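Both counts, for ligands and for their atoms, begin at 1 and track the order of listing. Since this is a predicted model, take the numbers as computed values, not measurements.
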Amino acid sequence: MSLFHPINLVCPNCQAAVQMDAVGSVNADRRPDLREAIMDDSFQDVPCPSCEESFRLQPQFNYLDAGRRQWIAAFPAARLPDYIEAEHEVAAIFADSYGENAPEAARAVGDDLDVRLTFGWPAVREKLLAREHDLDDVVLELLKLDLLRRLPSSPMAVGIELRLMLASDAFLTFVWMNSATEGAIEEISVPIEHYAAIADNLTPWEKLRSRFANKTFVDMQRLYMGEAEESAIAS
Ligand SMILES: [Zn+2]
């Protein structure tokens, strides 16, 4: 079931009080229109009734697409710095919904699901796009890391992310964007052969790939932040 709850906001432009329906969960099997709205960036974007300026709520919902075997906890971009704590929360939510604490029928659905945690809209959209084109999201992150090594210069920095925007039979198009504003900084198109070369020979990538093993936050950003903290929690 897709669930929404009313919330009261203040318009960032004119300070008028605005009420809107914030999403709590999306069932993409029953509501493919909501999936489409995530893909076209219109989901949870509302015009202010007073000044008509539109603004978008940050994601905070669970996403289920049993047909595509996807379950995603979509978190607000601002929670990225505490992704380790978020991963623990997500494990508990999933266990109750489709995992070990769920009724048998739900567990049967859950067995087939790939569980992911994302921060911000571009990250959740990227997961849907990757699945639509049968792209392995771990390989995509390895491809991004490979691009970072090969590019003479890159805008990589805290608050900047690299996201898959378009996929075709020939190319993958990535965009460097500002996490806070989602504004595009620079675009890179990569021949699909580059992705295939990594996917077909993962041996040289085993060490990096292991960093994503059994993780729900499958994102190269985890390699750039809080690693010491992560090992402290693991030990
Ligand atoms: Zn307004």
Listed as residue and atom, the protein N/O/S atoms under 2.8 Å from the Zn ion (ligand 1) are Cys11 SG, Cys14 SG, Cys48 SG, Cys51 SG
Exactly one candidate in Asp137, Thr118, Asp219 meets side-chain hydrogen bond (donor to acceptor under 3.5 Å, both in side chains) with Lys127; the answer is Asp137
Item to complete: Before accepting this row, confirm whether a basic side-chain N of the pair Arg131/Asp114 lies closer than 4.0 Å to the acidic partner's carboxylate O.
Response: yes
| query | Would you find a donor on one side and an acceptor on the other, under 3.5 Å apart, between the side chain of Glu53 and the backbone of Cys48? | reply | no
Item to check | Sidechain-backbone polar pair: Gln44 side chain, Asp21 backbone, donor-acceptor under 3.5 Å | outcome: yes
query = Can the ring centres of Tyr83 and Phe75 be said to be less than 6.0 Å apart?
reply = no
Note: with side-chain heavy atoms under 4.5 Å as the link, the other cluster members for Val175 come out as Met165, Met177
